[in-house]
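What follows is one structure encoded as structure tokens, with my remarks underneath.
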Amino acid sequence: MKMNAEENVLRSGVMANTDRHACREAVSFGPFTLFPEERRLERSGSFVPLGSRALDILIALVQHAGQVVDRRMLMSRAWRNIVVDESNLRVNIAGLRKALGDGEGGVRYVKNVPGIGYCFVGQLTRERVVVESSFQCAKPSALAHSGCFATGAACPQGRDEVLRTLASDLGRHRLMSIVGPGGIGKTTVAIALAKRLSGVFPSEIHLADLSEVADGDTVALTLARLLGLGDFHDMPVTCIANYLSTRRALIILDNCEHVIDEVTSLTTQILAVSSATYFVLTSREALRVRYEYVCRLSALDVPPGPEAISIEHAHTYPAVQVFIQRALEAGARFPQTSKSYAAIAKICRELEGVALAIEFAAARVATFGLAGTMALLGTRSRLQWQGCRNAPARHRSLEASIGWSYALLSEQERSAFRRLSSFEQPATLEAVLAAVANGTGDLSNAIAVIEGLVAKHMLQVQLGEDDLPRYRLPVSERIYAREQLKQTTLDKRSVVQLNGVQGIFI
Ligand SMILES: Nc1ncnc2c1ncn2[C@@H]1O[C@H](COP(=O)(O)OP(=O)(O)OP(=O)(O)O)[C@@H](O)[C@H]1O
Ligand SMILES: [Mg+2]
């Protein structure tokens with residue numbers, strides 16, 4: 001069995017009991033080895049994350065290597081009984097080519113035969129190798145704790161590299177936080193990571209969604225129940241610690257930001273007594289504790305603007321892939337022209353690669369078209385676009401998503417956040433400090449407020465050309481902050497009118 005370095009690190013100690021072996025076909029081309037029965041692709045021994053449809057397509061092409069495979073045949077292999085638009089096939093072929101580095105250094109694997117289909121043109125060798133049959137998935141009993149495992153993609157768009165890094169680093173860090181603003185894709189990455197590591201923690205991967213936990217005191221109880229330990233109202237932490245002290249387990253605590261103190265206390269206590277428990281947290285804010293390894297998740301890559309972009313090239317950007325997939329799922333159809341793709345690229349750029357915002361915009365295309373959707377982006381209606389009916393409340397609109405973070409700010413942070421909406425361009429520290437201090441002259445407090453907003457991912461910081469920091473609210477947050485500012489002004493005005501005093505306070 002070929003294994004990569006990170007899996008080796010993590011597997012040491014868990015693989016001792018695995019003696020289930022099987023003979024499987026391995027097809028090698030260039031640095032790649034495909035295990036069709038395992039549905040697994042490796043590059044020089046390292047796992048290559050590929051979406052399940054791209055994998056279906058690759059397996060079909062490799063099976064018929066050297067022959068042209070009809071597009072309809074490929075679509076029926078990848079989508080079985082679902083009728084989908086052909087652009088889905090193109091998106092997946094583009095993703096596959098990107099994963100294979102097709103065309104780099106003149107090496108070709110997948111050739112387009114216009115009007116007919118695709119052909120695998122790489123040199124292949126086929127052999128039978130011994131693999132561990134326990135590698136593929138964790139025991140269903142452990143994964144079944146969360147329906148998310150069933151629905152989350154194993155290889156979400158544009159996250160190959162971060163998944164590889166996280167899987168590799170988890171061997172050295174037992175407390176890992178995936179942090180970033182709302183809707184950027186933290187939960188999606190955590191679930192994909194769990195799937196990727198399911199062979200490494202064969203029976204103990206648990207995912208607790210804490211978004212519904214309103215009371216911090218019930219965090220430990222929620223985890224105890226998830227582990228099947230029952231209702232130990234008095235001492236859930238002790239029970240969990242005892243249970244985990246002898247087990248190698250991966251615990252994912254999803255959406256921690258509103259119960260961050262309780263999560264800090266729980267994870268610290270458990271890590272102190274268990275040497276083989278690993279925690280992956282997702283949160284809009286890091287725990288800020290010793291030994292925490294923080295992964296700041298960036299937005300999905302978007303095409304750079306404003307120059308024109310070819311359809312093929314646009315398809316290689318994960319933000320565009322997510323947009324097209326969601327638009328088609330929502331029943332939208334648009335012409336396959338460079339004009340359409342320029343509009344899609346612009347929408348993705350305007351939404352700054354935030355996956356949730358891209359999903360909302362994509363779902364508007366069936367009603368407003370690409371041009372109409374783009375025109376609406378500048379208005380506050382973008383905050384109110386409705387998401388999936390069955391999504392968590394926080395994901396029903398951008399307003400709800402940003403509102404969730406806004407509610408977790410301190411009063412001073414909220415007031416500063418509202419005031420910062422007046423900056424259209426990235427601002428210097430001096431300008432931001434002046435706005436936050438608001439004439440009080442209390443700079444040390446203003447610095448703490450700025451730090452808080454940055455830590456909670458409500459204010460972005462980037463280096464300017466002069467290597468000095470610049471601060472800005474992301475566009476959706478700025479629209480939200482402006483609305484809040486208007487509302488606060490109106491509220492204060494009515495209070496003032498009630499008291500019969502003149503003036504407006506912000
Ligand atoms: N890489 C991706 N590929 C495809 N879809 C994605 C990707 N990342 C996120 N999404 C989609 O975007 C939406 C938001 O993602 P997710 O729930 O992971 O965000 P989050 O950062 O955990 O948000 P929150 O802070 O509210 O918990 C989901 O519907 C998810 O399916
Ligand atoms: Mg989440």
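In listed order, ligands and their atoms are each counted from 1. The first residue in the sequence is number 1, and the count goes up from there.
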**Request:** Check Gln325 against ligand 1 and report side chain, backbone, both or neither, counting heavy atoms closer than 4.0 Å.
**Result:** neither
**Residue Arg284 vicinity, atoms of ligand 1 by number, heavy atom under 4.0 Å** = 24 (P), 25 (O), 26 (O)
**Closest approach of any protein heavy atom to atom 17 (O) of ligand 1, naming residue and atom** = His395 CE1, 3.1 Å
**Request:** Say whether, by atom type as modelled, one donor and one acceptor occur between the side chain of Arg394 and the main chain of Trp404 under 3.5 angstrom.
**Result:** no
**Message:** Any heavy atom of Gly182 closer to ligand 1 than 4.0 angstrom?
**Reply:** yes
**Validation row: Tyr118, Arg71 side chains within 4.5 angstrom (heavy atoms)** = yes
**Request:** Can you sort out which atoms of ligand 1 are near Arg394, meaning under 4.0 Å from one of its heavy atoms?
**Result:** 24 (P), 26 (O), 27 (O)
**Message:** Do Pro303 and Val320 make a side-chain contact, defined as non-hydrogen atoms from C-beta onward lying under 4.5 Å apart?
**Reply:** yes
**Chi angles and distances behind the salt bridge (charged side-chain N to carboxylate O under 4.0 Å, His left out) call for Arg53, Asp56** = CA-CA 5 Å; Arg53 297 209 156 108; Asp56 282 334; 5.7 Å; no
**Asked** Can any side-chain N or O of Ser265 pair as donor or acceptor with the backbone N or O of Asp261 at less than 3.5 Å?
**Response** no
**Request:** With heavy atoms under 4.0 Å as the rule, classify the contact between Lys186 and ligand 1 as side chain, backbone, both or neither.
**Result:** both
**Item:** Proximity to ligand 1 by part of Glu257, non-hydrogen separation under 4.0 Å
**Value:** neither
**Item:** Within reach of ligand 1, part of Leu300 (heavy-atom separation under 4.0 Å)
**Value:** side chain
**Prompt:** Nearest protein heavy-atom contact for atom 19 (O) of ligand 1: which residue, which atom, what distance?
**Reply:** Gly185 N, 3.2 Å
**Message:** If we set the cut-off at 4.0 Å for heavy atoms, which region of Glu359 has an atom near ligand 1: side chain, backbone, both, or neither?
**Reply:** side chain
**Request:** Measure the shortest side-chain to side-chain distance between Tyr480 and Phe417 over non-hydrogen atoms and say whether it is less than 4.5 angstrom.
**Result:** yes
**Prompt:** To the nearest 0.1 Å, how far is atom 4 (C) of ligand 1 from its closest protein heavy atom, and which atom is that?
**Reply:** Gln157 OE1, 3.2 Å
**Prompt:** Is there a donor-acceptor contact under 3.5 Å linking the side chains of Gln157 and Gln325?
**Reply:** yes
**Item:** Numbered atoms of ligand 1 (with element) below 4.0 Å of Arg326, judged on heavy atoms
**Value:** 4 (C), 5 (N), 31 (O)
**Message:** Checking Ser415 against Arg419: is there a side-chain donor and acceptor pair closer than 3.5 Å?
**Reply:** yes
**Item:** From the candidates Ala355, Ser401, Pro392, the one that places a heavy atom nearest atom 9 (C) of ligand 1
**Value:** Ala355
**Asked** Counting distance only, does the side-chain N/O of Thr379 pair as donor-acceptor with the main-chain N or O of Ser381 below 3.5 Å?
**Response** yes
**Request:** Pull out every atom of ligand 1 sitting under 4.0 Å from any heavy atom of Arg159, numbered as shown with elements.
**Result:** 1 (N)
**Message:** Please classify the Asn255 to ligand 1 contact at 4.0 Å (heavy-atom distances, strictly less than): side chain, backbone, both or neither.
**Reply:** side chain
**Leu266 and its side-chain contact (heavy atoms from CB on, under 4.5 Å) partner, picked from Val263, Ile270, Thr268, Thr264** = Ile270
**Request:** For atom 2 (C) of ligand 1, find the nearest protein heavy atom and state the residue, atom name and distance (0.1 Å precision).
**Result:** Pro156 CB, 3.6 Å
**Item:** Proximity winner for atom 15 (O) of ligand 1, if only heavy atoms of Ile358, Thr188, Ile191 are counted
**Value:** Thr188
**Asked** Taking both backbone and side-chain atoms of Gly183, is any N or O found less than 3.5 Å from an N or O belonging to ligand 1?
**Response** yes
**Complete:** Taking the Mg ion (ligand 2) as the apex, Asn255 OD1 and Thr187 OG1 span an angle, rounded to 10°, of 110°
**Prompt:** Any idea which atoms of ligand 1 are less than 4.0 Å away from a heavy-atom of Val322?
**Reply:** 3 (N), 4 (C)
**Check: Val432 and Arg470 side chains under 4.5 Å, non-hydrogen atoms** = no
**Asked** Under 3.5 Å, is there a donor-acceptor pair between the side chain of Arg414 and the main chain of Ala407?
**Response** yes
